[in-house]
Every structure is written in structure tokens, then in C-alpha cells.
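I have placed the structure first, in the form of C-alpha cells, so that the comments after it can refer back to it.
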Amino acid sequence: MAGSSEEAPDYGRGVVIMDDWPGYDLNLFTYPQHYYGDLEYVLIPHGIIVDRIERLAKDIMKDIGYCDIMVLCVLKGGYKFCADLVEHLKNISRNSDRFVSMKVDFIRLKSYRNVLIVEDVVGTGRTMKALLSSIEKYKPNMIKVASLLVKRTPRSDGFRPDYAGFEIPNLFVVGYALDYNEYFRDLNHICVINEHGKEKYRV
């Protein structure tokens, strides 16, 4: 059901960021001063994130905009991606000839019809597979998964979301609501944390 490319056009792997990508120098961007010295580099600037989410919204509406959608947000890191994605989906719906009802819920299992699960990062895929199997018990008509990031990790079980924003190397990233021990959620860009930052915010 979800994660397969048989039911919908394959949007590929999203924007693929290669393992040898050096990222952007932090001095090219503004970011909270309290994180100075804690980050290695900017992996994905905020403007690129926003633009990519807008494109994901267009792809989603093209595929499933003919039916009402229940958007399920996987907390906590997924809330910002979910909010921005839903805003773009609503804008597209507002400017189309058909109203699409969109309800947002946080993962609480009950009866669902057409489900779009919104996740921040798919790593190994095990968590998402477990979530999908519990939602499938409710026999929805359709389940699709949108993930902002997909990590290339040797521990991956091969799960691929239906919609991926970016495929990234197996890096420790923070920002855009992705945290490290509740820090960095206020960082707009997705950045790679350095060893100093890991040590400073370790619990």
C-alpha cells in the first residue's frame, strides 16, 4: 500500500544529496547565535526546504487531490514539515476548481479513510513499517507516506516513502524542527551538528 511506486508515479528519491557534498559555509546564512560553534555546515538551506515542500504538495495533490485526505503527523520532528506541507496543500486546493477536505491529526489510531502520513526522517524504515501495519488494521482506502528526509543508512530495510523531499547521507542533522535533546528546533536550516555541539547538548 504505502511506500510502493506501483500505485502512483515514481517521484524518485527526491533531491539526492551525495555523500561527498561539502554543504554550505555557515557564514553564508543567518542562524541563532546560541548555536555558534555547534554546527559543522548547512546541509539544506531553509529556502530550498520550503521550495521542495511546495513541489511535494503539488505532486501529492496531483496524485490524491481527488479525495478528502486525513493527514497524520508523526511527532515531534515532523510538526514543522507537516504544517508547511498542509499549508501548501491548502493553497493549491484554494486555487483549484475542487474543494479538498483536509484534516490533520496526530498519530492516534481510529478509523481512517484516505491517509497521508507525514514524517520528518525515514532512517531504517522499521518505525514506519510498524506504524503502517497498525494503521492498515483499520482498512483505509489508501495510505501514502511523505517524508522530508530519507537517510541512506546501511541499516535500512529498504522502505521508501511515496514522497521524499531529500535523500541525504547518513549524517546527524538538526534544524527545521529536527532536534538533538530538544535543542536546534528553532534553527530554520537543516545543518550537520559537530562534535562540540553533540557534547554541549548531550544529556
Handout entry: Residues in side-chain hydrogen bond (donor to acceptor under 3.5 Å, both in side chains) contact with K103, at least two apart in sequence or another chain
Key = none
Practice task
Hey, could you give me the OH/CZ distance between Y176 and R185, rounded to the nearest 0.5 Å?
Solution key: 13.5 Å
Practice task
Any chance you could lay out the salt bridge (Lys or Arg N to Asp or Glu O under 4.0 Å) test for E195 and R202, step after step, and finish with the verdict?
Solution key: CA-CA 10 Å; E195 290 306 317; R202 181 168 286 141; 5.4 Å; no
Practice task
State, yes or no, whether a side-chain contact exists between D186 and Y35 at a heavy-atom distance under 4.5 Å.
Solution key: yes
Problem - Under 3.5 Å: donor-acceptor pair, side chain of R52, backbone of G165 - result: yes
Problem - N-O pairing of R55 and D51 below 4.0 Å - result: no
Problem - Beyond-backbone contact of K58 with I92, side-chain heavy atoms, under 4.5 angstrom - result: yes
Problem - Of I69, V86, L89, L72, the residue whose pairing with V104 passes side-chain contact (heavy atoms from CB on, under 4.5 Å) - result: V86
Handout entry: Straight-line distance of E54 CD to L56 CG, nearest 0.5 Å
Key = 10.5 Å
Exercise for the section: May I ask you to check whether over 12 heavy atoms, not counting those of F29, lie within 6.0 Å of atom CZ? Expected result: yes
Exercise for the section: Please tell me if the side chains of D157 and K129 come closer than 4.5 Å, counting only heavy atoms from C-beta onward. Expected result: yes
Practice task
I would like to know whether E136 and K139 meet salt bridge (Lys or Arg N to Asp or Glu O under 4.0 Å); could you show each step before the answer?
Solution key: CA-CA 5 Å; E136 284 168 354; K139 306 217 182 310; over 6 Å; no
Handout entry: Validation row: L85, L148 side chains within 4.5 angstrom (heavy atoms)
Key = no
Problem - Atom of S147, atom of P161 and distance for their closest heavy-atom approach - result: CB-CG, 4.0 Å
What pairs of donor and acceptor atoms, side-chain ones from residues 38-49 against any protein atom, are under 3.5 angstrom apart with sequence neighbours left out?
| residue | atom | partner | partner atom | Å |
| --- | --- | --- | --- | --- |
| D38 | OD1 | H196 | ND1 | 3.0 |
| D38 | OD2 | K200 | NZ | 3.3 |
| D38 | OD2 | Y201 | OH | 3.0 |

Exercise for the section: Could you pull out all residues at least two apart from Y180 that satisfy ring pair (Phe, Tyr, Trp, His ring centres under 6.0 Å)? Expected result: F172
Exercise for the section: State yes or no: are the ring centers of Y36 and Y31 separated by less than 6.0 Å? Expected result: yes
Problem - Residues D120 and Y79: side-chain donor-acceptor under 3.5 angstrom - result: no
Exercise for the section: Go through the steps for V145 and V118 under the test side chain to side chain contact (heavy atoms under 4.5 Å, CB included), then give the verdict. Expected result: CA-CA 6 Å; V145 176; V118 178; over 6 Å; no
Exercise for the section: Go through the structure and list residues passing salt bridge (charged side-chain N to carboxylate O under 4.0 Å, His left out) with K90, not counting sequence neighbours. Expected result: none
Handout entry: Worked verdict on I143 versus D162 for side chain to side chain contact (heavy atoms under 4.5 Å, CB included)
Key = CA-CA 9 Å; I143 303 176; D162 299 285; over 6 Å; no
Problem - Separation of C191 SG from L171 CG (nearest 0.5 Å) - result: 11.5 Å
Practice task
May I ask you to decide if D68's main-chain N or O and N114's side chain share a donor-acceptor pair within less than 3.5 Å?
Solution key: yes
Handout entry: Verdict with supporting geometry, M142 and V115, side chain to side chain contact (heavy atoms under 4.5 Å, CB included)
Key = CA-CA 6 Å; M142 173 194 69; V115 177; over 6 Å; no
Problem - Other residues, nucleotides, ligands: >12 heavy atoms within 6.0 Å of Q33 CD - result: no
Handout entry: Spacing of H34 atom NE2 and L187 atom CG [to the nearest 0.5 Å]
Key = 8.0 Å
Practice task
Take atom CZ of R155 as the centre, draw a 6.0 Å sphere, and report whether it contains more than 12 heavy atoms from other residues, nucleotides or ligands.
Solution key: no
Exercise for the section: Rounded to the nearest 0.5 Å, what's the gap from CD1 on I117 to SG on C82? Could you check? Expected result: 11.5 Å
Completion exercise
Minimal heavy-atom distance between N194 and G37, with the atoms involved, is ND2-O, 3.0 Å
Problem - Common cluster, V50/L28, ILVMFWY with side-chain heavy-atom separation under 4.5 Å - result: no
Practice task
Decide whether W21 and V174 are clustered together by the hydrophobic rule: side chain heavy atoms of Ile, Leu, Val, Met, Phe, Trp, Tyr closer than 4.5 Å, transitively.
Solution key: yes
Exercise for the section: For the residue pair L178 and F184, establish whether any side-chain heavy-atom pair is separated by less than 4.5 Å. Expected result: no
Practice task
Apply side chain to side chain contact (heavy atoms under 4.5 Å, CB included) to K151 and V122, showing your working.
Solution key: CA-CA 6 Å; K151 278 192 183 184; V122 170; over 6 Å; no
Handout entry: For D19, all residues meeting side-chain hydrogen bond (donor to acceptor under 3.5 Å, both in side chains), sequence neighbours excluded
Key = R152
Exercise for the section: Any chance you could pull the hydrophobic cluster mates of M18, using side-chain heavy atoms under 4.5 angstrom and chaining through other members? Expected result: V16
Problem - From CE (M128) to OG (S133), nearest 0.5 Å - result: 11.5 Å
